[in-house]
Amino acid sequence: VRTAIEKLYKVVLQNGALINDILNVSRLDRGVIEVKLAPASLSEIADRAIRDYKVPAEKAGLKLVIANPDLAITVTADAEKLAEAVSNAVSNAIKHTKTGGITLSLRSDEKFGYIDVTDTGEGMPPEILAHLFDRTGVKGSNTDSAQSTGLGLFIARQFTRLMGGDVTVNAEVGKGSVFTYSVPLAGEGNEGK
C-alpha cells in the first residue's frame, strides 16, 4: 500500500509541475507575472534551489553540492522565482546525469551575480542546444515527455530576464552541461523596478 501511495504522490507532484508550467506561460503571455525585486543572498537562493532535490540526487547516487556556500554576494532579484528558475537546471541535471553529480558555484563581476549549475551528465548536441529556451519546449530523446512540458527552461529564462539577468548554457555531448544564471548585483539601481 505504501508503494502505491508513494507512486500516486509522485504523479500528483508531476501533474502539479506540469500545470504550473502551463499557468506560468499563460501569465508570461498576458504580462501578468510580476517579479518582486529586493536585495537577496545568492547563496540562500542556491540553497533554496537545491532543497527539494537533495533526496532525489542521493537516490540516484549523485552528489549535489554548492561549491562555495559562504560566498557573500547580494543580488537584486525575486528570490523565490530565481530559485525556481535555477531548480529547473538542477532537476534536468539529475535526470540526465548517471554518475558524478551537480555542483552549484557562485561568483560575481562588477555588475552581476552568477550561479553556475554544472553537471557531469550526458551533455547536449547542437540541435538540442539551438532550441533549448524556445517556448515550444524541447521534446524527444532529451526529455521524458510524459513528465515534462519541456517549457521549464523557457520559463526560467523569462523569469530571469524580468529581473534584468539571463540564462545561458554551454554543453557538449558526453561532457556535461553548465547553465549560468545571472542577475544584477544589489546597489546597481535595480531595486523597485
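Heavy atoms only: backbone and side chains are in, while hydrogens, waters and symmetry mates are out.
At least one donor-acceptor pair under 3.5 Å links the side chain of Asp78 to the backbone N or O of Lys81. At distances below 3.5 Å, at least one donor-acceptor pair connects side-chain atoms of Thr160 with backbone N or O atoms of Ala156. Using modelled atom types, no side-chain atom of Thr103 and backbone atom of Val65 make a donor-acceptor pair closer than 3.5 Å.
Using a 4.5 Å heavy-atom cutoff, the side chains of Ile102 and Ile94 are in contact. You'll find the side chain of Asp52 stays beyond 4.5 Å of the side chain of Ser87, heavy atoms only. In this structure, the side chains of Ile155 and Asn88 stay at 4.5 Å or more apart for every pair of heavy atoms. Taking 4.5 Å as the limit, some side-chain heavy atom of Tyr114 sits within range of a side-chain heavy atom of Asp109. The closest side-chain heavy-atom distance from Leu106 to Ser43 is below 4.5 Å. A heavy-atom distance below 4.5 Å is not found between the side chains of Leu62 and Asp119.
Under the 3.5 Å distance criterion, with hydrogens and angles disregarded, a donor-acceptor pair is assigned to the side chains of Asp116 and Thr180.
From Asp166, atom CG reaches atom CZ of Arg157 across 4.5 Å, with rounding to the nearest 0.5 Å. With rounding to the nearest 0.5 Å, the separation of CG in Asn92 from CG in Leu132 is 8.0 Å. Note that CD of Glu44 is 10.5 Å distant from CD1 of Ile66, once rounded to the nearest 0.5 Å. With rounding to the nearest 0.5 angstrom, the CG atom of Leu104 is 11.5 Å from the CD1 atom of Ile45. To the nearest 0.5 Å, the span separating CG on Leu82 from CD on Glu80 amounts to 11.0 Å. How far CG of Asn68 is from CZ of Arg107: 10.5 Å, rounded to the nearest 0.5 Å.
Closest heavy-atom contact between Gly121 and Thr97: CA-OG1, 3.4 Å. The two atoms that bring Leu185 and Ser108 nearest to each other are CD2-CB, 4.1 Å, heavy atoms only. Scanning all heavy atoms of the two residues, the minimum distance from Gly113 to Val75 falls at CA-CG1, 3.9 Å. For the pair Leu64 and Ala57, the tightest heavy-atom approach, listed with the atom from each and the gap, is CB-CB, 3.8 Å. When every heavy atom of Lys54 is checked against every heavy atom of Asp47, the shortest pair comes out as NZ-OD1, 4.1 Å. Scanning all heavy atoms of the two residues, the minimum distance from Gly165 to Pro184 falls at N-CD, 4.2 Å.
Side-chain heavy atoms closer than 4.5 Å link hydrophobic residues (I, L, V, M, F, W, Y) into clusters, and following such links, even through other members, never connects Val178 to Tyr181.
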